[in-house]
Amino acid sequence: MVTQTEIDRLSAAPVTARPLLIEGAWVDGTGDPLPVLSPIDGQPLTTLASATAADVGRAVTSARAAFEDGRWSRQPPAARKAVLHRLADLIQQHALELAVLGVRDNGTEISMALKAEPGSAAGTFRYYAEALDKVYGEIAPTAPDVLGLIHRDPVGVVGAIVPWNFPLMIGAWKLAPALAMGNSVVLKPAETASLTLLRLAELALEAGLPPGVLNVVTGPGHITGAALALSMDVDVLVFTGSGATGRRLLEYSARSNLKRCYLELGGKSPNIVFADTPDLGAAAQSAATAIFRNAGQVCVAGSRLLVERSIHDDFVAALSQASARMQPGNPLQLTTQIGAINSEPQLDRNLGFLRDAVAEGGQIVLGGDRTLTETGGWYMKPTIVTDVAPHHRLYREEVFGPVLAVTPFDTEDEAARLANASDYGLAAGVWTANLSRAHRMIRALRTGVVHVNTYGGTDGTVPLGGVRQSGNGHDKSLHALDKYTDLKTAWIQL
Ligand code: NAD
């Protein structure tokens with residue numbers, strides 16, 4: 001049982017960030033160091049090393065050498081499994097330390113960070129540790145005078161670029177399957193959330209991961225991330241982040257070695273409430289947490305609420321009540337339900353969306369402004385905007401903040417049409433007592449995930465990924481292994 005006293009003790013300690021991890025050694029970057037400000041109070045927390053293209057080149061060379069000499073890629077599966085399990089053990093042993101460090105770095109409320117960050121990362125390493133010796137090649141049903149073997153080979157060097165929300169969880173979604181399949185990795189965390197991943201890399205070395213198998217380069221996206229994506233020696237690039245960066249990565253791939261790119265991008269996910277929902281109070285509570293936990297900085301956040309017109313006003317009233325109880329606070333307090341906004345530019349961007357929403361005819365019925373300014377940190381009230389139409393910016397673009405757009409609908413067909421009226425296709429929610437309608441909606445919705453009579457639930461056994469401009473490829477589950485393996489056919493004349 002975690003206590004507030006322990007959290008307070010850990011959060012009082014000064015933070016020293018490890019620099020770059022290359023070939024198992026911590027080395028300084030040759031770029032200008034980056035100051036890290038804590039979103040909790042806007043104060044300097046530590047300084048981050050910055051990797052130039054030359055540093056990234058060294059990291060990729062190290063990863064390539066590790067892959068080629070087989071120090072990890074040709075270890076027996078049982079040996080790789082043992083290391084990944086040891087890493088999971090170490091993450092669990094250091095769970096509170098990791099959670100507190102992450103909260104100080106990126107502002108997620110600690111109650112959520114404890115579950116979603118070290119807890120989930122340890123589970124992901126265990127899942128792929130267990131999977132790695134259960135995935136086989138195939139024998140094709142060829143003519144009898146031929147043997148067709150389908151091998152599943154590791155791809156080689158994986159470049160992984162991850163965002164600032166849930167860095168440990170999302171980092172583990174990339175690292176665990178990549179390492180399980182025998183690849184080497186160069187990881188580039190986000191500028192505003194690198195600290196826990198640097199600590200994770202330290203634990204990976206302690207767990208026995210050979211030097212060079214995991215390299216970590218921190219620094220600005222347009223320098224460090226771009227160098228990784230432009231490398232001629234990275235075989236596969238896995239990315240979670242914004243669509244704008246995703247587009248650049250595809251360009252970088254085209255300009256370099258045509259590396260495969262898997263993009264997990266943003267969303268504008270519809271949460272659809274029909275009037276026959278059995279428990280509208282529970283649906284209202286869930287709709288609030290679907291958008292406001294982690295201050296809306298969740299890729300699958302239910303950021304568009306579509307409500308059947310006959311219950312619209314009552315539902316918005318219940319939702320507003322539930323949301324008003326979720327006020328932002330110090331993310332390091334166990335009781336806080338909404339933490340900080342990750343950075344000041346992100347907070348300004350969120351507020352800009354509201355100015356546009358009002359100018360286009362939206363009505364702010366809850367929140368709408370910055371709060372807790374006296375802390376020096378970046379906080380925003382949970383905000384609900386009604387009367388949002390499909391042509392409004394708030395309907396179309398991802399805010400990635402605590403802002404919910406509400407739109408009424410009259411029929412099931414209209415609900416599906418409105419839900420799909422988006423360039424994105426990450427997640428959706430459907431609330432109804434009608435089983436047939438639930439299945440019709442699952443078929444109709446063009447998204448990678450559909451939640452029914454809940455919102456946001458998941459575990460490691462099911463894939464997460466988007467369609468359309470929410471990206472391609474999937475994290476989690478055995479399907480993620482496809483990204484980290486190449487199929488090779490052996491055609492043998494008998
Ligand atoms: P971002 O695209 O700004 O940054 C993501 C990463 O890309 C960071 O490490 C950044 O340094 C790097 N980067 C930035 N510019 C780059 C460039 N030119 N070349 C190479 N790398 C570059 O995204 P963000 O603001 O950190 O994250 C928020 C976004 O991530 C939101 O859109 C959110 O929806 C999305 N997201 C998606 C999922 C998912 O699973 N689909 C999960 C979490 C977050």
Side-chain angles (χ1 to χ4, degrees), residues 31 34 48 50-51 53 56 105-108 116-117 120 159-174 186-194 197-198 216-231 234 237-253 255-256 259 261-269 291 294-303 341-343 345-347 349-350 397-401 422-427 447-449 456 458 462-477 480 483:
L34 297 176
L48 211 56
S50 190
V56 173
D105 199 12
N106 79 350
T108 296
E117 285 281 87
S120 142
I161 303 181
V162 296
W164 45 260
N165 64 327
F166 307 113
L168 271 184
M169 177 175 81
I170 293 173
W173 288 349
K174 317 286 189 203
V186 179
L187 171 69
K188 152 72 179 89
E191 297 86 314
T192 54
S194 293
L197 285 170
L198 288 165
V216 185
V217 287
T218 54
H222 68 284
I223 298 173
T224 314
L228 189 59
L230 282 163
S231 166
V234 167
L237 191 67
V238 287
F239 172 73
T240 297
S242 64
T245 305
R247 279 171 205 276
R248 284 197 192 100
L249 299 185
L250 293 176
E251 279 177 39
Y252 297 157
S253 167
R255 277 165 48 194
S256 54
K259 58 181 71 62
C261 291
Y262 294 103
L263 309 175
E264 303 289 339
L265 308 176
K268 191 80 198 181
S269 299
I291 179 66
N294 199 25
Q297 301 162 127
V298 178
C299 57
V300 295
S303 53
I341 305 298
N342 178 255
S343 66
Q346 180 70 34
L347 174 59
R349 189 171 175 275
N350 296 350
E397 292 182 30
E398 180 185 47
V399 179
F400 216 57
S422 169
D423 291 335
Y424 291 111
L426 190 51
T447 60
V449 181
T458 187
V462 289
L464 172 68
V467 297
R468 299 186 286 160
Q469 291 185 32
S470 287
N472 56 32
H474 291 93
D475 282 326
K476 305 199 295 145
S477 83
K483 298 192 288 191

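For the single chain, residues carry numbers from 1 onward in sequence order. Counting starts at 1 for both ligands and their atoms, in listed order.
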In a table with atom names and distances, give each donor-acceptor pair under 3.5 Å that connects a side chain of residues 462-469 to protein atoms at least two apart or in another chain.
unit_1	atom_1	unit_2	atom_2	d
Arg468	NH1	Asn420	O	3.4
Arg468	NH1	Ser422	O	2.8
Arg468	NH2	Tyr424	O	2.9
Arg468	NH2	Arg446	O	3.1
Gln469	OE1	Arg247	NH2	3.0

Legend entry - Proximity of Gln346 to ligand 1 by residue part, where a heavy atom lies under 4.0 Å: neither
Legend entry - Criterion side-chain contact (heavy atoms from CB on, under 4.5 Å) on Cys299 and Leu426, from CA distance to verdict: CA-CA 8 Å; Cys299 57; Leu426 190 51; 3.8 Å; yes
Inset, instruction - State, with a plain yes or no, whether a side-chain heavy atom of Asn165 is found less than 4.5 Å away from one of Asn342. - result: no
Legend entry - Interfacing atoms of ligand 1 (cut-off 4.0 Å, heavy-atom, Phe400): 28 (C), 31 (C), 33 (C), 34 (O)
Inset, instruction - Find all atoms of ligand 1 within a distance of less than 4.0 Å from any non-hydrogen atom belonging to Ala226, and give their numbers and elements. - result: 19 (N), 20 (C)
Legend entry - Contact check, Trp173 vs ligand 1, heavy-atom distance below 4.0 Å: no
Inset, instruction - Measure the distance from atom 41 (N) of ligand 1 to every protein heavy atom, then report the residue, atom name and distance (to 0.1 Å) of the closest one. - result: Leu265 O, 2.7 Å
Inset, instruction - For atom 12 (C) of ligand 1, grab the closest protein heavy atom and report residue, atom and distance to one decimal in Å. - result: Ile161 CG2, 3.6 Å
Legend entry - Sub-4.0 Å heavy-atom approach of Asp475 to ligand 1: no
Inset, instruction - Working to the nearest 0.5 Å, report the span between OG1 of Thr245 and NE2 of His222. - result: 11.5 Å
Legend entry - Identity of the nearest option to atom 13 (N) of ligand 1, non-hydrogen atoms only, from Ala227, Gly221, Ala160: Gly221
Legend entry - Atom pair CG (Asn472) and CG (Leu250), whose distance is rounded to the nearest 0.5 Å: 7.5 Å
Inset, instruction - Give the residue and atom name of whichever protein heavy atom lies nearest to atom 11 (O) of ligand 1, and the separation in Å to one decimal. - result: Glu191 OE1, 2.6 Å
Legend entry - Interatomic distance, Ser256 atom OG to Leu230 atom CG [nearest 0.5 angstrom]: 5.5 Å
Legend entry - Closest contact, heavy atoms only, Ser253 versus Lys259: OG-O, 2.7 Å
Inset, instruction - Name the closest protein heavy atom to atom 8 (C) of ligand 1, giving the residue it belongs to and the distance to 0.1 Å. - result: Val162 O, 3.4 Å
Run the side-chain donor-acceptor check on residues 261-268: report pairs under 3.5 Å with partners two or more places apart or on a different chain.
unit_1	atom_1	unit_2	atom_2	d
Tyr262	OH	Arg260	NE	2.8
Lys268	NZ	Leu394	O	2.8
Lys268	NZ	Glu397	O	2.8

Inset, instruction - For side-chain contact (heavy atoms from CB on, under 4.5 Å), just list the numbers for Leu237 and Ile161, CA-CA rounded to whole Å, side-chain angles, deciding distance to a tenth of an Å, and then say yes or no. - result: CA-CA 8 Å; Leu237 191 67; Ile161 303 181; 4.2 Å; yes
Legend entry - Nearest neighbour in protein (non-hydrogen) for atom 35 (C) of ligand 1: Gly241 O, 3.3 Å
Inset, instruction - Would you check, one step at a time, whether the test side-chain contact (heavy atoms from CB on, under 4.5 Å) holds for Asp475 with Thr240? - result: CA-CA 10 Å; Asp475 282 326; Thr240 297; 4.0 Å; yes
Inset, instruction - Flag Thr240 as yes when one of its N or O atoms lies below 3.5 Å from any N or O atom of ligand 1, and as no otherwise. - result: no
Legend entry - Atom indices of ligand 1 within 4.0 angstrom of Gly266 heavy atoms, with elements: 32 (O), 34 (O)
Inset, instruction - Could you check atom 25 (O) of ligand 1 against the protein and tell me its nearest heavy-atom contact, residue, atom and distance included? - result: Trp164 NE1, 2.9 Å
Legend entry - Heavy-atom nearest neighbour in the protein, as seen from atom 1 (P) of ligand 1, with distance rounded to 0.1 Å: Ser242 OG, 3.6 Å
Legend entry - Closest approach of any protein heavy atom to atom 39 (C) of ligand 1, naming residue and atom: Cys299 SG, 3.4 Å
Legend entry - CG-NZ distance between Leu197 and Lys174, expressed to the nearest 0.5 angstrom: 12.0 Å
Inset, instruction - Within a distance under 4.0 Å of any heavy atom of Gly225, pick out the atoms of ligand 1 and give their elements. - result: 19 (N), 20 (C), 21 (N)
Inset, instruction - Below 4.0 angstrom from a heavy atom of Ile170, which ligand 1 atoms are there? Numbered from 1 as shown, please. - result: 42 (C), 43 (C)
Legend entry - Proximity flag Gly243 to ligand 1, non-hydrogen atoms under 4.0 Å: no
Inset, instruction - Number the atoms of ligand 1 from 1 as they appear, then name those within less than 4.0 Å of a heavy atom of Asn165, with their elements. - result: 43 (C), 44 (C)
Inset, instruction - Could you tell me whether some N/O pair between Arg248 and ligand 1 is separated by less than 3.5 angstrom? - result: no
Inset, instruction - Any atoms of ligand 1 less than 4.0 Å from a non-hydrogen atom of Leu249? List them with their elements. - result: 19 (N), 20 (C)
Inset, instruction - Would you check whether Phe166 reaches within less than 4.0 Å of ligand 1, judged by its heavy atoms? - result: no
Inset, instruction - First locate atom CG of Leu187, then atom OG1 of Thr218, and finally report the distance between them rounded to the nearest 0.5 Å. - result: 10.0 Å
Inset, instruction - Evaluate the criterion side-chain contact (heavy atoms from CB on, under 4.5 Å) for residue pair Asn106 and Gln297; output intermediate values, then yes/no. - result: CA-CA 10 Å; Asn106 79 350; Gln297 301 162 127; over 6 Å; no
Inset, instruction - First locate atom CG of Leu34, then atom OG1 of Thr224, and finally report the distance between them rounded to the nearest 0.5 Å. - result: 7.5 Å
Inset, instruction - Using a 4.0 Å heavy-atom cut-off, say whether Pro189 meets ligand 1 through its side chain, its backbone, both or neither. - result: backbone
